[in-house]
Amino acid sequence: MLKLEKCKKVLQAGGKKYSDDEVKKIRELLYKMKTIVDDVKTMQDEKLER
C-alpha cells in the first residue's frame, strides 16, 4: 500500500488540499477500484481462453 505522504503529495499536486482522513478514504477507494479492474481483466482473459 502506498504511504499516506506519497498519496497526499500526488493528490495535492494540482493545488487542492486534502486532510489525512480524505487521503486515506481516496486511497482505499482507489485500491478497491484496482481490485475490480483486476477481477474484470481476469474474467475477460478466461473468456478469451475458451
Side-chain angles (χ1 to χ4, degrees):
M1 185 171 278
L2 290 173
K3 292 185 178 186
L4 181 66
E5 296 82 22
K6 176 67 175 176
C7 292
K8 197 170 196 174
K9 183 179 177 182
V10 170
L11 288 169
Q12 293 182 350
K16 189 167 182 186
K17 300 294 181 191
Y18 295 92
S19 69
D20 287 352
D21 191 48
E22 290 172 319
V23 173
K24 288 176 186 177
K25 289 177 183 178
I26 292 168
R27 179 179 62 180
E28 185 61 34
L29 286 171
L30 289 171
Y31 274 105
K32 287 178 182 180
M33 288 174 62
K34 180 200 174 297
T35 301
I36 292 168
V37 169
D38 287 347
D39 290 348
V40 169
K41 183 167 179 1
T42 299
M43 289 174 13
Q44 288 175 337
D45 290 346
E46 290 172 356
K47 187 176 180 180
L48 289 174
E49 290 176 0
R50 291 182 190 167

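Quick caveat: nothing in here was measured; it's all calculated off a predicted structure.
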With sequence neighbours excluded, tell me which residues meet salt bridge (charged side-chain N to carboxylate O under 4.0 Å, His left out) with [X].
| X | answer |
| --- | --- |
| Lys6 | none |
| Asp39 | none |
| Lys17 | none |

| field | Which residues share a side-chain contact (heavy atoms from CB on, under 4.5 Å) with Asp45, sequence neighbours left out | value | Lys41
For residues 27-36, please give each side-chain donor-acceptor pair under 3.5 Å, one per line with the distance, not counting sequence neighbours.
residue : atom : partner : partner atom : Å
Arg27   : NH1  : Leu2    : O            : 2.7
Tyr31   : OH   : Leu2    : N            : 2.8
Lys34   : NZ   : Asp38   : OD2          : 2.5
Thr35   : OG1  : Tyr31   : O            : 3.1

List, one per line, each side-chain donor-acceptor pair under 3.5 Å for residues 7-16, sequence neighbours excluded.
residue : atom : partner : partner atom : Å
Lys8    : NZ   : Asp20   : OD1          : 2.5
Gln12   : NE2  : Tyr18   : O            : 3.1

